[in-house]
Amino acid sequence: MERYDPLKIEAKWQSKWEKEKPFKALEGKEGDGRQKVYLAEMFPYPSGAGLHVGHVRNFTIVDVLTRFYTQQKCNVLRPFGYDTFGLPAENYAIKTGVSPQSATETNINNFRKQAKRLGYAIDWDREINTSDPDYYHWTQWCFLQLFKKGLAYQKESYQWWCPVDKTVLANEQVEGGCCWRCGHEVEKKKMKQWFFKITAYADELLDEIDSLDWPEKIKTMQKNWIGRSEGAEIDFEVKDKKENIKVFTTRPDTLFGATFLVLAPEHPKVKKLVTEKTKSEVEDYIKTAVKKSEIERQENKEKTGVFTGSYAINPATGEEIPIWISDYVLMGYGEGAIMAVPAHDERDFEFAKKFDLEVRKVIEKSENIEDDSLCYCGEGELINSGKFNGVNTADAREGIVFWLESQKIGKKRVTYKMRDWLISRQRYWGCPIPIAYDKNGKPHAIPEDQLPVVIPEVEDYKPDDSGRSALAKAKDWLKVTIDGEEMTRETDTLDGYACSSWYLWRYVSPHDKKHAWDEKAIKYWAPTDIYVGADHAVAHLLYVRFWCKFFADEGFLPFREPIKKLIYHGYINAPDGKKMSKSKGNVIDPLDVINDGYGADTLRTYEMFIGPIELDAAWNPRSVGGVYRFLNRCWTLCFDTEISKKANNIVLRNKTIKKVTDDLHRCSFNTAVATLMEYVNELYKLGAEKDDLVALAKLLKPFAPHLASEMLEKLDSDDEWPIWDEKYLKDETIEIIVQVNGKLRAKISINTDEIDNEEKITALALENENVKKFAGNPKKTIYVKKAHLLNIVA
RNA sequence: GCCCGAGUGGCGGAAUUGGUAUACGCGUUCGACUUAAAAUCGAAUGGAAUCUUCCAUAUGGGUUCAAGUCCCAUCUCGGGCACCA
């Protein structure tokens with residue numbers, strides 16, 4: 001018998017697949033009558049290091065499902081692409097002078113080669129690359145649609161700025177006060193920047209989350225990120241000035257307890273509130289507050305602030321209350337101003353204590369609540385609140401807002417934590433924003449027939465502190481004529497997340513020269529049925545939903561949610577349980593595992609067996625060997641004719657088919673592999689007939705496609721997914737579990753057709769010696785047919 | 001601080017709807033084959049008592065005929081958010 005030689009058979013099948021392209025999605029009539037299934041992974045950033053084991057987990061999940069549905073004769077779309085814009089290629093260019101264009105090409109070629117070495121069932125004719133002008137042409141087109149509708153707009157404001165990468169960052173890209181790419185502390189810088197108005201879809205993004213077949217964890221994270229809260233907007237008149245201050249509060253019921261106002265240091269009205277006496281102190285405070293980094297703010301939550309010198313009138317009490325400024329009030333949320341109710345808000349309480357401001361209690365908590373703190377934030381009955389005395393807080397929230405509305409000094413208001421999406425980047429290696437400015441600095445869209453705006457070649461990729469990208473150095477490129485008028489191009493590029501916000505739709509018609517996506521193809525294939533990834537819970541996965549809703553509104557997409565089912569898998573860590581990293585030297589290279597002789601089938605099957613898909617897992621080299629032994633046993637079973645002998649395993653076979661099929665439907669890959677291992681172990685003991693081996697090869701194919709193909713060839717069989725027959729799922733006899741008071745005391749065997757004969761089963765159980773010992777005096781019996789179990793209560 | 005998860009042998013984990021806890025794999029031990037080793041095949045493997053029993057699913061309580069699974073409290077770990085008014 002020939003030995004199992006994975007490297008040899010994998011080369012054979014891979015070259016066959018390369019030639020015959022069996023994974024091409026069927027188009028037109030060919031696909032008729034078949035169920036369409038559109039699967040994708042979050043496409044990779046092709047780094048110079050090549051595939052890592054995390055990619056392999058990601059791609060293999062998609063591959064197992066792709067093959068599972070393909071074997072069921074579905075019409076499957078499983079494309080592949082590369083997310084190529086970004087800092088690493090640009091930083092590499094700055095360091096080495098190798099252009100990002102050329103480094104990207106090298107890396108893509110390597111990624112493609114490695115993905116092919118893993119035997120993935122990819123439709124290679126649909127490859128996309130976000131830095132290809134044929135692709136970003138349409139990213140720019142998407143931008144222009146948003147621009148036309150006012151959903152891409154410019155705003156001058158304080159933004160996160162990374163002093164190392166010399167670019168602004170979105171809120172989602174600042175992690176713990178540091179740049180998500182280089183880890184350096186970020187600063188605030190006042191700049192005019194481009195934004196996408198994602199907040200226009202806040203409610204819909206929130207409301208439709210519950211309908212998605214996504215992990216709860218991700219749904220909760222998105223809900224928290226959107227952070228909807230209901231409350232009121234209230235006008236406070238400024239004493240002796242023709243000015244008023246709007247505040248947002250979720251607790252209008254506490255209005256009578258508002259003893260001062262606090263404005264964010266960046267609040268535009270601060271200038272008008274200062275007096276000769278307070279001016280210099282206020283200006284100093286603003287200067288330090290703006291300079292303060294996020295880290296400093298987090299580390300030191302001690303309240304700081306200054307009095308502006310002005311007073312406002314509390315509309316409920318008519319009293320004068322001082323107006324302060326403090327950095328604990330954030331400009332980006334609500335109105336950037338609050339009414340402080342120190343008796344019923346922790347933060348206001350701290351501030352009042354520090355600056356010796358009045359604390360006025362307006363809520364009496366009910367007696368059964370144990371809370372001795374001076375600041376009570378719960379519910380209760382109003383006191384010191386004029387005509388609202390005695391009203392409970394929940395009713396008062398309605399009542400006071402109603403009163404404010406009648407006085408025209410306030411109204412109901414909903415706010416969100418989510419901000420608009422900052423998309424300008426002062427970097428070279430990104431999609432140019434298709435905008436030009438006229439002499440007055442007014443932005444104009446580059447006409448659609450002049451797209452794509454191609455990235456110009458430059459000599460020096462280095463960004464600087466000018467706040468403009470290296471594109472500004474391409475002097476000729478900067479000039480553009482629109483409608484006969486000479487203009488200057490925008491030099492910012494788009495956040496990479498913009499490029500990945502629509503690629504799932506490009507895949508349906510990747511070579512379309514006239515449209516971002518083809519109308520017919522999108523109707524047939526999209527939305528994506530299963531999307532697999534390990535990151536981007538809020539950023540990418542929220543942006544795709546936002547663009548989907550926008551393009552649905554514009555009539556370009558016939559659906560409002562882009563991803564039906566999301567599989568969010570865990571990371572693979574080093575054998576020591578720590579994150580793999582070059583500096584720690586604990587990186588497992590998947591290509592090494594293959595080339596060490598294990599082959600791609602073992603690697604794939606191992607990563608599916610490593611543990612539940614949603615959890616992190618640690619690499620275990622010995623377990624890789626265990627999976628290799630399993631595949632070896634499959635080989636032996638099929639090719640060693642001495643072991644294969646006539647046997648009757650029809651029940652075992654049908655049970656296995658059902659279990660593996662069910663497990664794949666619920667994405668329980670580790671137990672599917674375990675079931676196949678059990679099956680093989682049983683066949684070793686019982687002997688196998690041809691049908692057993694055919695079933696094995698077909699069920700194994702999603703995990704180990706090369707080996708399974710070799711087996712199917714030898715067995716002269718197609719690969720159509722096997723179907724179990726209900727009538728073969730039952731053995732002739734059934735084991736009944738007999739418990740006494742819930743404890744196992746005996747097992748009795750009956751004929752399967754006696755399963756409903758509770759009387760006989762009970763009688764048999766009570767005859768059992770061991771049962772008699774424990775249940776001499778049975779009170780009642782409970783028979784659970786479904787569980788094959790009889791419990792005797794004694 | 002707030003919001004989610006999770007805690008099962010020496011290890012990774014299984015138990016899908018409340019119904020035989022520890023599937024499968026690793027490791028370990030023994031045996032077969034071999035001059036020998038590797039590979040392969042077979043057997044055993046939660047703990048304690050020792051022949052069928054007791055104790056075990058982070059800890060303490062509860063509901064139930066029956067709890068890893070449900071409820072309450074506590075501890076530990078992981079993730080997310082973090083002055084969002």
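Below, each value reflects all heavy atoms present in this structure, side chains not excepted, and no hydrogens, waters or symmetry copies. Below, chain A is the first sequence line, B the second, and so on; all start at residue 1. Nothing here was measured: the structure is a model prediction, and the numbers come from that model.
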A.B. asks: Taking only side-chain nitrogens and oxygens of A:Lys773, does any of them come within less than 4.0 Å of OP1 or OP2 of B:U53?
C.D. replies: yes
A.B. asks: Check this one for me: any side-chain N or O of A:Arg633 less than 4.0 Å away from OP1 or OP2 of B:A39?
C.D. replies: no
A.B. asks: Could you write out RNA chain B as a dot-bracket string, with dots for unpaired bases, | for bases paired across to another strand, and Watson-Crick or G-U pairs counted at under 3.5 Å?
C.D. replies: (((((((..(((......[....)))((((((.......))))))(((....)))..(((((..]....))))))))))))....
A.B. asks: Does a side-chain N or O from A:Asn670 land closer than 4.0 Å to OP1 or OP2 of B:C24, or not?
C.D. replies: no
A.B. asks: Taking the P atom in each of B:A49 and B:A43, what is the distance between them to the nearest angstrom?
C.D. replies: 27 Å
A.B. asks: Does A:Ser229 have a side-chain nitrogen or oxygen under 4.0 Å from the phosphate oxygens OP1 or OP2 of B:A85?
C.D. replies: yes
A.B. asks: Between the base of B:U53 and the side chain of A:Lys743, is there a donor and acceptor pair under 3.5 angstrom?
C.D. replies: no
A.B. asks: P atom, B:C4 versus B:C70: distance in rounded Å?
C.D. replies: 15 Å
A.B. asks: Rounding to an integer number of angstrom, what distance separates B:G27 and B:G10 when you compare their C1' atoms?
C.D. replies: 8 Å
A.B. asks: Could you measure between the two P atoms, the one in B:G79 and the one in B:G13, and give it in whole Å?
C.D. replies: 16 Å
A.B. asks: Let's see if you can work this out: which of B:U53, B:U20, B:U16 has an atom nearest to the side-chain heavy atoms of A:Arg666?
C.D. replies: B:U16
A.B. asks: Is there a side-chain contact between A:Tyr328 and the phosphate of B:A85, meaning an N or O under 4.0 Å from OP1 or OP2?
C.D. replies: no
A.B. asks: Less than 4.0 Å between a side-chain N and a carboxylate O, is that true for A:Asp662 and A:Arg666?
C.D. replies: no
A.B. asks: Given B:A43, B:G25, B:U20, which nucleotide is nearest the side-chain atoms of A:Lys685?
C.D. replies: B:A43
A.B. asks: Work out how far the C1' atom of B:G47 is from that of B:A66, and round it to whole angstrom.
C.D. replies: 24 Å
A.B. asks: Answer with yes or no whether the side chains of A:Glu379 and A:Thr393 bring together a donor and an acceptor at under 3.5 Å.
C.D. replies: yes
A.B. asks: In whole Å, measure the gap between the P atoms of B:A21 and B:C54 for me.
C.D. replies: 12 Å
A.B. asks: What's the CD-P distance between A:Glu302 and B:C83, to the nearest Å?
C.D. replies: 16 Å
A.B. asks: B:C24 phosphate, OP1 or OP2: any side-chain N/O from A:Arg629 under 4.0 angstrom?
C.D. replies: no
A.B. asks: Mind jotting down which residue pairs meet the salt bridge (charged side-chain N to carboxylate O under 4.0 Å, His left out) criterion with at least one end in residues 214-223 of chain A? Sequence neighbours excluded, please.
C.D. replies: A:Asp210-A:Lys223, A:Glu216-A:Lys219
A.B. asks: Rounded to whole angstroms, how far apart are NZ on A:Lys747 and P on B:G19?
C.D. replies: 17 Å
A.B. asks: Would you tell me if any nitrogen or oxygen in the side chain of A:Asn681 comes within less than 4.0 Å of OP1 or OP2 on B:G25?
C.D. replies: yes
A.B. asks: Does A:Lys417 get its side chain close enough to the base of B:C81, under 3.5 Å, for a donor-acceptor pair?
C.D. replies: no
A.B. asks: Rounding to an integer number of angstrom, what distance separates B:G78 and B:C72 when you compare their P atoms?
C.D. replies: 25 Å
A.B. asks: Regarding A:Tyr285 and A:Thr308, is there a side-chain donor-to-acceptor distance under 3.5 Å anywhere?
C.D. replies: no
A.B. asks: Check side chain to side chain contact (heavy atoms under 4.5 Å, CB included) between A:His267 and all other residues, then give those that pass, not counting sequence neighbours.
C.D. replies: A:Leu263, A:Lys269, A:Val270, A:Met331, A:Ala337
A.B. asks: What do you reckon, is NZ of A:Lys354 surrounded by more than 12 foreign heavy atoms closer than 6.0 Å?
C.D. replies: yes
A.B. asks: From the set B:U52, B:A85, B:C26, return the single nucleotide nearest to any side-chain atom of A:Arg622.
C.D. replies: B:C26
A.B. asks: For the residue pair A:Tyr416 and A:Thr199, confirm or rule out a side-chain donor-acceptor distance under 3.5 Å.
C.D. replies: no
A.B. asks: Answer with base, sugar-phosphate or nothing: what part of the nucleic acid does A:Phe774 contact at a heavy-atom distance below 4.0 Å?
C.D. replies: sugar-phosphate
A.B. asks: Of the candidate nucleotides B:C55, B:C24, B:C65, which contains the atom at the shortest distance from the side chain of A:Ile782?
C.D. replies: B:C65
A.B. asks: Would you mind reading off the distance between A:Leu789 atom CG and B:A15 atom P, rounded to a whole angstrom?
C.D. replies: 19 Å
A.B. asks: Could you measure between the two C1' atoms, the one in B:A58 and the one in B:U53, and give it in whole Å?
C.D. replies: 27 Å
A.B. asks: Can you tell me if A:Tyr497 and A:His536 form a side-chain donor-acceptor pair at under 3.5 Å?
C.D. replies: yes
